[in-house]
Amino acid sequence: MEQVSSPSPQGPRGEPPRPYLIVLSGPQFGEVFDLEPGEELLLGRSPEARICLQDEGVSRRHATIVAEPHGARLVDAGSANGTWVNGARVSEITLRDGTRFQLGARTTLKFVRSDDPEAEAQRRLTQGAFHEPLTGLYNRRHFLDRLSAELAASLRHGRPVALLLVDVDHLERVNEAHGHAAGDEALKMVAHVLRGAVRREDVVARYGGEEFAILARETGLTGARALAERIRRALERSRCAWSGQELAVTVSAGATAVAGVAQLEPADLGPQLLEAAGRALQRAKQGGGNAVFALTV
């Protein structure tokens, strides 16, 4: 078995360092994936992959990785385009802290195993470029980048993809009654519910203000409507504490989907999908909110 050697870092006060992967190139540039020591994780495009990579050059079941006391064991799972380290294709290799490896033609990842403050600062900086600070969800820019990549894959392989826009109903009433800090707490509650409602491979972002966006892979209009309704019901039941009181909000959701067959290019289809979801959201809010409406592109 090949090995790439580098010094093994020590965490502060002798604590074991935390292992994780940072995406250095590819459609998910900047994302950070935590590794659980001793647990074998699948990397690939499959929805079953714990480290799900939206790169068409990556196989559905591309490789596995296990974090070990002094590194990580990376094993290629018979991928079509290979797993590469230092320009050489490998079937199995032990990664050390700082080792970079490539999956397919575009996605490069770096294995990091350190609790050093400088390494943690790099991790926070990387995450901050793609996440919105209040809720911790992806930001609008990253969402739009992922939307383009997902639509390209959808059209190439004939797979459906769904888009949901979720808007908090009457958030201004919470702000007026309790202050903007209470409104922020309500937004964090909504983000928490959204994260719990979707799969690992789906993308959830704060799209702007009190509006959130969800991108659901391999999901048609029926599935999108069901997801939107599940989110609506979950928020209807949810409460968050604020200054000794319970805050409650409802949401409206507009859902749309593309069946994976379209005459438009992904760059043109993206705006149309967003426009359709926006129209569906307006219809959902017409009766006062707390509703779902689904609309085809």
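Quantities reported herein were computed from a predicted structural model and do not represent experimental measurements.
If you run side-chain contact (heavy atoms from CB on, under 4.5 Å) between F212 and each of I231, V251, L187, only L187 comes through.
In this structure, the side chain to side chain donor-acceptor pair (under 3.5 Å) partners of R146, at least two apart in sequence or on a different chain, are E31. Taking E210 as the reference, nothing meets the side chain to side chain donor-acceptor pair (under 3.5 Å) condition, with sequence neighbours excluded. Take A182 and apply the side chain to side chain contact (heavy atoms under 4.5 Å, CB included) test, not counting sequence neighbours, and it matches V174, H178, W242, L247. For Y207, there are no ring-ring contact (aromatic ring centres under 6.0 Å, His included) partners two or more places apart in sequence or in a different chain.
Residues L155 and V203 share a single hydrophobic cluster, defined by chaining ILVMFWY side chains whose heavy atoms lie under 4.5 Å apart.
In terms of heavy atoms, A253 sits closest to V166 at CB-CG2, 4.1 Å. Nearest heavy-atom pair across A224 and T256 is CB-O, 4.3 Å. Nearest approach of S252 to G289, heavy atoms of both residues: OG-CA, 3.1 Å.
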CA sep, side-chain torsions, deciding dist, call: D34, R18, salt bridge (Lys or Arg N to Asp or Glu O under 4.0 Å): CA-CA 8 Å; D34 289 305; R18 295 193 316 175; 5.1 Å; no
Derivation and outcome, side chain to side chain donor-acceptor pair (under 3.5 Å), residues S25 and T108: CA-CA 5 Å; S25 68; T108 302; 3.0 Å; yes
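Evaluation of the side chain to side chain donor-acceptor pair (under 3.5 Å) test over residues 184-196, restricted to residues two or more places apart or in two chains, returns E185-K188.
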Show the atom names and distances, to 0.1 Å, of all donor-acceptor pairs under 3.5 Å that link a side chain in residues 50-58 to residues at least two apart or in another chain.
| residue | atom | partner | partner atom | Å |
| --- | --- | --- | --- | --- |
| R50 | NH1 | E39 | OE2 | 2.7 |
| Q54 | OE1 | R217 | NE | 2.8 |
| Q54 | OE1 | R217 | NH1 | 3.1 |
| Q54 | OE1 | R217 | NH2 | 3.1 |
| D55 | OD1 | G57 | N | 2.9 |
| D55 | OD2 | T107 | N | 3.3 |
| D55 | OD2 | T107 | OG1 | 2.6 |
| E56 | OE1 | H157 | NE2 | 2.2 |

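A side-chain donor-acceptor contact under 3.5 Å links R232 and N290.
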